Amino acid sequence: MSDALVGVLGFLGALFLIGLGVPVAVAMAIAGIIGAIYLGDWGGISFILGSTPYDSVFPYSFSVIPLFVAMGVFAAHAGLSRALFTAINSFVGHRRGGLAVTTIGACAMFGAICGSSLATVATIGRVALPEMKRHGYAPSLSTATVAAGGTLGVLIPPSILLVIYGLLTQSSVGKLFVAALIPGILGAVFYGLAILGRVSLKPDLAPTTPRLSARERIEALKTTWPVVLLFVVVIGGIFTGLFSPTEAAAVGAVGAFALALFSGELNRQVLRSAVFEIAGLSGMIFFILIGASLFNFFLESTGLPQMLIGLIEQAGVTPLVVMLMILVFYIILGCFMDSLSVVLMTVPILAPVALDLGFDLVWFGIIVVTVAEIGLITPPVGMNLFVVQAASQGVPQSTVVRGIFPFILADILRLAVLVAFPALVLWLPGLLF
Amino acid sequence: MTRLADILRAIIGVIAGLGVLSYGCAALVTVADIIGRTIGLPVAGVVEMVQLFVVTGTWLVIPYAFLTGAHVGVDFILMAMPRRIRRVAGGVIGAGTLALIGLMLWYAFQTFSVRTMFGDKSQQLGIPIEYYWYPLLTGLGLSLVAVVLEFFSSQRSAHHV
Amino acid sequence: ETKLKLSHFLPPVHGIHKDFIVPWTEQITECTDGEVTFEISAAGSQLGHVARQQEQVMAGVVDIAHGLHGIPRGRFPRTSIIDLPFLTDDAGAATYALWDLLQGPLAEEYKGLHVLALHAHNGGLLHTADKPVKTMEDLKGLRIRTPSPAISDMLSHLGADPQGLPPGAVYENLQRGVIDGTVFPWDPVNSFGLNEVLGHHLDLGAYTVSFFFVMNERSYSKLSDKAQACVDAASGDNLVGKFGDWWDAWDKPGHDQAVAAGHEITELSDAERAEWRAALAPVIDDYLAKLEADGVENARDIYDQMVAKVAEFEAQQ
Ligand code: NA
Ligand code: NA
């Protein structure tokens, strides 16, 4: 059996373990260890076993992981999500489907101060789901909207996933953040259009709510100042050169903590749950990084990426066809896996292929994160679908899944636009760097 | 038995709190440097301090992540199986996780011995490498405990469901 | 047939990978008629950490490794004396001195290793973004990225604030003004695109950084006689002589870019270099005294031998 074939089997073996309910990090680690032993490299994998608990945590740029997590958690506890929701709602809530559009907008803006998708779903869901329920929105629309909106938290900077992609491919995190801005906004717009399209076909999904006066709107808008402040300080600081993207996470975490403190909502109990939320999320992400390094050590020694490049060159198909095949592969993979493990397992294999085909690695990063994020809302295994179901108290999974399809369609359309017009990704970083 | 388990859980919780505190120190020292350098008072060796705080914080929170089962896992194949098989599979997964962390602890200790034997120090501040490794080894050891605790509590709940 | 694992910490586009390592492996594969082949792990792979090369090759995880003597600090205290400020500014001279001393006082640092080559880069420069540095006084209060403990000591002594940063983070931090400058040879200035954010270069020929290219001794002795002969033919005396020209070639693009961009490049005269060297004598003394306290009893002797070998090389040129 050729080594590259062993690599493919190891990949499938890891997927199978994940399907059996083995935690993703453990599944990747075990597949990597067994694969390396099969290749006769116990010496190598035992060396990595001993060094990766240190080397996977040590890089300076990884300090952003716990700090962006902390920023999102404290922002959620500072009541910022409610303020955002109320303000946007005061402008568009009275139109048909307005509450759903509001939810998307709130997700996008919360995504701008939060680095993780699950946190965005949980936070906005806590506010938006009861509100939509109260106004008689169909559960299939309300839950699916929150689940889809949550994916914007991944792409709109800051984004933990982009930081990890940057480290894997040695591309600039600053460039990746700037490049993600337009695709992120595009995502929000497409989601909005998907909602409007759906409610115009079936108006009873979303009853209208009363219109608010201009004064009420301004009042609502005023309460969003902490979000604006946090965003301006963090992103503005990066652009004006006051601090680096890595340092921005520290500024964001301290800023969000201060806002939570001033909001008066940070009592002992809330602080406790915030601390444990940060601990659980950060610990999980780092342990996945550790598991992935064992898996990637094995994959590298199989020579799988080089074999793929060779195959593609032999097949003589155009780069675009290869890219489309890669995207289909990602969408299928995303049906079963969470976005972080998708990125960790595939980028070391596919980034060299993309580079060899002449694609820009910053563009490829945005595309990969966009597709991986679609995986968060595709059944049967979509993390956001699970989280929103847990937050909605009693809506069955089948209802959530029924409502999600228009959003998946919107995502695939956005992907097509980004592939057709790479300038949407590369124009802004070209301008600023 | 449950009493001991409760005490161990509480210890892991407190350690996780210390880990988040360490993250907080990483954030504060970074902000102090950003403010300090605008007025000509930068923090010397800030990068190395951040790395020390993040390595420490991470290894203190990882046991907690195992305790709460917060690691991402999906089980679409397993959910379709009868409960008996699920329990057995749960046992095998627990044992596999335990073996993995055990191996990691064993080899990490060897790596630790090599690096301390050479007397490795950080480049700028000369922080001895041991300071990074003590929390790491502690965290790996506590993770073993956490996996065992989590395993028994999941078996118990599987029994009652 | 034998497949040897080779690891290094540079990206595959770097000259060390393209001009030196890959042709070296090809030469051996050809010489052995395909008996010995290679699997190369570069930067970005799990075996591509700069700080892990020595451990990997000692443990036999890889058969051959190319790494930096100074990272992690303290692994090759004797060899790293070549990194001291103003010992030499020439890759050829440094390589010549190291290779000669390997048979003498440096030998004990390579137990269990079969040394294929030692080499060092050309004299590093001080690059700054907006603030030109021409004299020692100009350095006061500047935040400068430092490559090694010896250079940290030098910068501190001259009143600058040395910053330890990974090379990949230098661009971002220069652009944001987090640091004022960096100490580097020309080669990384090119590979990290630093000319975009730099404006001034002081060619003070201050220091060099040394590299090892070594094979695990067990891996070497396991090779057939023919394969060993092929490795020997490609290495050692037949290899070290090439590094002077290689480094000149690898440094050229960074230098030419800076010239084309109209940057200010200042070169120290020999008289000025002598002044800097005199001012830094206490730093060198301290460093050697620290080494002696840490158990390298002949540190001063090694330093003097290196100075002599550098002079010998320069006399030959
Ligand atoms: Na975000
Ligand atoms: Na999915």
Side-chain angles (χ1 to χ4, degrees), chain A residues 16-27 29-30 33 46-54 57-60 62-63 65-67 70 237 242-243 246-247 249-251 253-254 257 272 274-276 278-284 286-288 290-291 336-338 340-341 380-381 383 386, chain B residues 13 16-17 19-21 23-24 26-31 33-34 38 47 50-51 53-55 57-66 68-79 86 89-90 93 96-97 100 103-112 114-115 132-133 136 139-140 143:
Chain A
F16 180 73
L17 287 177
I18 291 168
L20 278 181
V22 180
V24 170
V26 179
I30 289 177
I33 294 171
S46 59
F47 177 83
I48 301 288
L49 267 169
S51 61
T52 189
Y54 180 86
V57 183
F58 184 74
Y60 174 56
F62 277 0
S63 62
I65 293 174
L67 299 184
L242 205 56
F243 40 77
T246 313
E247 294 170 325
V251 175
V254 171
F257 179 75
R272 218 180 118 92
V275 163
F276 283 133
I278 296 167
L281 266 173
S282 307
M284 174 196 87
F286 274 114
F287 204 71
I288 290 180
I290 289 168
F336 303 98
M337 284 177 70
D338 86 288
L340 177 59
S341 356
V381 184
M383 278 299 150
F386 298 150
Chain B
V20 174
L21 202 63
Y23 284 153
L28 284 178
V29 69
T30 305
V31 172
D33 181 60
I34 293 169
T38 60
V47 171
V50 168
Q51 284 172 317
F53 284 130
V54 169
V55 171
T58 299
W59 277 104
L60 297 187
V61 302
I62 283 180
Y64 178 80
F66 276 107
T68 55
H71 32 254
V72 179
V74 290
D75 44 9
F76 52 96
I77 299 178
L78 211 58
M79 289 314 279
R86 264 188 286 168
I93 292 169
T97 310
L100 171 69
L103 273 178
M104 224 175 245
L105 181 56
W106 172 254
Y107 284 104
F109 187 77
Q110 318 249 313
T111 311
F112 162 78
V114 169
R115 298 199 184 157
Y132 295 79
W133 280 84
L136 192 162
L140 270 172
S143 297

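Chain letters run A, B, ... following the sequence lines, proteins first and then strands; every chain starts at 1. Everything numeric here is computed off the predicted structure, so don't read it as measured data.
Heavy atoms of A:I290 lying under 4.5 Å from chain B belong exclusively to its side chain. Proximity to chain B (any heavy atom under 4.5 Å) is restricted, for A:I33, to the side chain, taken from C-beta onward. Of the atoms belonging to B:V20, it is side-chain heavy atoms, and not backbone ones, that fall under 4.5 Å from chain A. Heavy atoms of B:V50 lying under 4.5 Å from chain A belong exclusively to its side chain.
With respect to chain B, the highest number of heavy-atom pairs below 4.5 Å among A:G283, A:G291, A:G50 belongs to A:G50. Taking chain B as the reference chain and counting heavy-atom pairs below 4.5 Å, the highest number among A:F62, A:F47, A:F243, A:F276 is found for A:F276.
Taking 4.5 Å as the limit, every side-chain heavy atom of B:W106 sits out of range of all side-chain heavy atoms of A:S46. Considering only heavy atoms from C-beta on, B:Y23 comes within 4.5 Å of B:T58 through its side chain. Contact annotation: the side chain of A:S51 approaches that of B:R115 to within less than 4.5 Å [non-hydrogen atoms, C-beta and beyond]. A:F58 places a side-chain heavy atom less than 4.5 Å from the side chain of B:Y132.
B:T30 contributes a side-chain N or O that, together with a main-chain N or O of B:A26, makes up a donor-acceptor pair within less than 3.5 Å.
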